[in-house]
There are 2 protein chains.
Amino acid sequence: MLIIVADCEVNYTGRLTTYLPRARRAIIVKADRTVLVMADRGHQPLNWMVLDKRSSLHIEPDRIVATKGKEQLEIMLHQVLARHELELGAEPGLAKAGEELEMQQSLAARPEAILPGLRLIQREYATSIGPIDLLCRTLDDQAVVVEVKRTAAGIEAVEQVCRYVTVLSEDSRFAHAQPVLVAQSFRPQTVQYAQRRGVLCVQITLEQLRQGAEGELRYPAGPYCGPGLFELG
Amino acid sequence: MLIIVADCEVNYTGRLTTYLPRARRAIIVKADRTVLVMADRGHQPLNWMVLDKRSSLHIEPDRIVATKGKEQLEIMLHQVLARHELELGAEPGLAKAGEELEMQQSLAARPEAILPGLRLIQREYATSIGPIDLLCRTLDDQAVVVEVKRTAAGIEAVEQVCRYVTVLSEDSRFAHAQPVLVAQSFRPQTVQYAQRRGVLCVQITLEQLRQGAEGELRYPAGPYCGPGLFELG
DNA sequence: TCATTAATGTCGAAT
DNA sequence: ATTCGACGTTAATGA
């Protein structure tokens with residue numbers, strides 16, 4: 001990893017065109033030739049480029065130029081204030097727990113946590129517009145389409161699960177499926193919109209799932225209102 | 001900006017739980033107290049925390065702890081190999097060109113690039129659910145709702161433009177509007193779904209727009225099937 | 001390689 | 001404070 005602090009000017013052309021006027025910034029060139037231009041605030045770099053094998057990187061005393069296909073990042077180093085090169089070695093990698101996958105797997109193992117008597121038909125059931133998180137059936141054999149969101153579910157999630165219901169309606173085995181949205185929390189507008197569309201909202205946190213608790217029905221099921229009806233009140 | 005290179009171990013708990021085993025990494029603490037833990041590859045930090053006023057940050061010789069609400073980032077510094085503190089000063093900011101705004105403005109100036117004879121009624125036409133990029137009319141006075149996407153348009157874009165048509169239907173002047181999606185490219189599923197919803201997909205690149213060329217109609221206009229209704233088969 | 005979806009997405013603007 | 005949509009989104013996964 002090469003760390004340069006410099007008074008610099010940056011041009012990027014590629015997916016768009018940007019210009020960064022002359023100022024002092026930190027520039028990082030990583031072992032995999034990733035280049036970052038960082039300001040003193042925020043998460044995101046001002047400019048960057050992640051290079052692959054076909055890309056080129058030239059580091060000169062007063063200039064750094066990275067090229068990747070039609071994209072180019074040019075850093076003009078007007079004055080270098082510091083320069084440190086160091087070896088970081090291997091990265092063991094980040095271990096994560098609590099992602100959507102964990103929720104989905106936990107729910108697949110205990111679908112009755114979503115609705116009493118619910119049983120799983122298939123996880124990641126493939127459709128022409130993408131996989132359904134959980135395809136299930138109720139006690140009385142009604143098909144249920146479950147979309148799982150780890151974080152607070154938004155309106156898009158409602159639309160996503162409705163799309164699946166519509167596509168499923170082509171298959172007589174799964175016609176008139178009930179859409180269900182499971183999330184750790186819901187935005188108010190999401191619940192409202194789900195209500196209009198007849199989408200069931202079930203709130204269950206990862207902790208509850210781990211403890212084996214059942215989800216709380218946030219909104220009672222109304223009739224499914226068809227694929228896309230959107231009436232304003 | 002404080003840059004520390006250290007043999008470290010990191011724990012994050014909050015939106016999820018992560019653990020980063022002991023290894024050598026670069027740690028950056030910015031002027032706004034943003035903390036980044038960086039590996040020697042890729043664009044994204046391994047761990048990070050962007051703090052606000054209510055958050056706390058403690059920097060000790062062998063430990064950095066950032067707390068923000070229920071989130072906590074703890075960096076254990078087993079061995080500090082380098083430590084540099086420096087002033088970067090003010091950031092003039094990044095100037096950008098070629099974003100969605102440019103496409104929208106170019107299309108507003110030449111709506112006939114979307115469809116022959118199309119004329120603009122209003123750009124950013126306000127509705128209760130957000131502004132319509134371009135509200136237009138055809139030669140025979142049919143209202144047209146245009147949603148512009150700079151990048152490859154996804155299924156959400158289809159739904160977005162359909163929502164606008166539905167809301168517009170309350171206004172007799174713009175009832176039965178034709179939804180149109182303009183983008184530099186379309187994902188295959190998007191075209192398929194747009195077809196079902198009666199949404200016209202028009203592909204125009206920024207380069208074409210700059211050159212004044214007309215858009216290529218990617219998908220022939222079918223009848224708009226109502227807000228969400230679409231027929232299968 | 002391409003297409004699709006999740007993400008501690010981040011970020012900024014408008015309500 | 002919350003919602004919403006854009007982003008050079010990035011990154012990972014499956015076909």
Side-chain angles (χ1 to χ4, degrees), chain A residues 12-18 34 37 41-50 52 66 68-73 94 96-104 124 126-133 147-157 160 185-190 192-193, chain B residues 10-18 34-37 41-50 52 54 66 68-73 93-94 96-101 103-104 124 126 128-131 133 147-157 159-160 163 183-192 206:
Chain A
Y12 165 79
T13 54
R15 304 187 219 181
L16 54 61
T17 303
T18 73
T34 296
V37 179
R41 60 170 293 267
H43 166 276
Q44 199 169 326
L46 291 164
N47 279 114
W48 71 95
M49 196 104 109
V50 181
D52 54 25
K68 177 189 181 183
K70 290 174 185 169
E71 293 180 279
Q72 185 177 54
L73 179 67
L94 184 67
K96 293 184 182 184
E99 300 161 281
E100 185 183 271
L101 184 61
E102 186 186 338
M103 271 200 84
Q104 198 193 103
E124 298 282 357
T127 74
S128 61
I129 58 163
I132 293 172
D133 284 348
E147 173 65 28
V148 181
K149 286 279 170 262
R150 191 188 55 82
T151 45
I155 285 178
E156 338 72 58
Q160 195 177 354
S185 69
F186 292 87
R187 296 181 194 157
Q189 291 185 359
T190 306
Q192 205 172 43
Y193 186 61
Chain B
V10 186
N11 278 295
Y12 166 79
T13 53
R15 305 187 219 180
L16 54 61
T17 303
T18 73
T34 296
V35 182
L36 303 172
V37 179
R41 59 171 294 269
H43 165 275
Q44 199 169 327
L46 291 163
N47 279 115
W48 70 93
M49 196 106 107
V50 181
D52 54 25
R54 287 164 306 188
K68 176 188 180 184
K70 290 175 186 169
E71 293 179 278
Q72 185 175 54
L73 180 66
L94 185 67
K96 294 184 181 183
E99 303 161 280
E100 186 185 271
L101 184 62
M103 269 199 85
Q104 199 194 102
E124 298 283 356
S128 60
I129 57 164
D133 284 348
E147 173 66 27
V148 181
K149 287 277 172 265
R150 190 187 55 82
T151 44
I155 285 178
E156 337 73 56
E159 275 160 352
Q160 194 179 351
R163 283 201 299 270
Q184 300 204 81
S185 69
F186 291 86
R187 295 181 196 159
Q189 291 187 358
T190 306
V191 177
Q192 201 174 42
L206 248 178

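Not measured: the values here are computed from a predicted model. Quick note on labels: first sequence line is chain A, next is B, and so on, each numbered from 1.
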I would like to know whether A:Thr34 and A:Met49 meet side-chain contact (heavy atoms from CB on, under 4.5 Å); could you show each step before the answer?
CA-CA 6 Å; A:Thr34 296; A:Met49 196 104 109; over 6 Å; no
* **Evaluation steps, side chain to side chain donor-acceptor pair (under 3.5 Å), between B:Glu156 and A:Gln160** => CA-CA 9 Å; B:Glu156 337 73 56; A:Gln160 195 177 354; over 6 Å; no
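Atom CD in B:Glu124 sits about 12 Å away from atom P in D:dG5, given to the nearest Å. In this structure, B:Arg163 atom CZ and D:dT3 atom C1' are separated by 12 Å, rounded to whole Å. Taking atom NZ of residue A:Lys96 and atom C1' of nucleotide D:dT10, one finds them 11 Å apart after rounding to whole Å. Here C:dA7 presents its C1' atom at 10 Å from CD of A:Glu100, a figure rounded to the nearest Å. Separating the CD atom of A:Gln104 from the C1' atom of C:dT5 is a distance of 11 Å, rounded to the nearest angstrom. Between A:Ile155 atom CD1 and D:dT2 atom P there is a gap of 16 Å when expressed in whole angstrom units. Atom C1' of nucleotide C:dA3 and atom CD of B:Glu156 are separated by 13 Å, given to the nearest angstrom. Computed from coordinates, the B:Leu46 CG to C:dA7 C1' distance equals 15 Å when rounded to whole Å.
Heavy atoms only, all atoms of each residue included: B:Thr190 and B:Ala153 are closest at OG1-O, 2.8 Å. Contact detail for B:Thr151 and B:Ala183: the closest heavy-atom pair is O-CB, 3.7 Å. The heavy-atom pair separating A:Glu71 from A:Gly14 by the smallest distance is CG-CA, 3.8 Å. In this structure, A:Gln104 and A:Asp133 approach most closely via the heavy-atom pair NE2-OD1, 3.4 Å.
When the nearest nucleotides of DNA chain D are assigned to A:Thr190 and A:Glu71 by heavy-atom distance, the more 5′-ward of the two goes with A:Thr190. Toward the 5' end of DNA chain C, the nearer of the two residues A:Pro131 and B:Met49, judged by each one's closest nucleotide, is A:Pro131. Both A:Phe186 and B:Leu94 sit near DNA chain D, but only A:Phe186 has its closest nucleotide nearer the 5' end.
A distance of about 13 Å separates the C1' atoms of C:dA7 and D:dC7, rounded to the whole Å. Here the separation of D:dG8 from C:dA14, taken at their C1' atoms, is 24 Å to the nearest Å. C:dT5 and C:dG9 have their C1' atoms separated by 12 Å, with the value rounded to a whole Å.
A donor-acceptor contact closer than 3.5 angstrom is absent between the side chains of B:Thr18 and B:Asn11.
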Counting primed atoms, P, OP1 and OP2 as sugar-phosphate and everything else as base, the B/S/- map of nucleotides 9-15 of chain C against protein heavy atoms under 4.0 Å is SSSS---
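Contact annotation: A:Lys149 side-chain N/O to C:dA6 OP1/OP2 distance is under 4.0 Å.
Annotation: side chain of A:Lys96 is not in contact with side chain of A:Glu102 (no heavy-atom distance under 4.5 Å).
Picking from C:dT8, C:dT4, D:dG8 the nucleotide with the shortest atom distance to the side chain of B:Arg187 gives C:dT4.
For C:dT4, the paired nucleotide is D:dA12, the pair qualifying as Watson-Crick or G-U wobble because both relevant distances are below 3.5 Å.
Residue A:Leu101 is classed as having no contact, given no heavy-atom separation below 4.0 Å to the nucleic acid.
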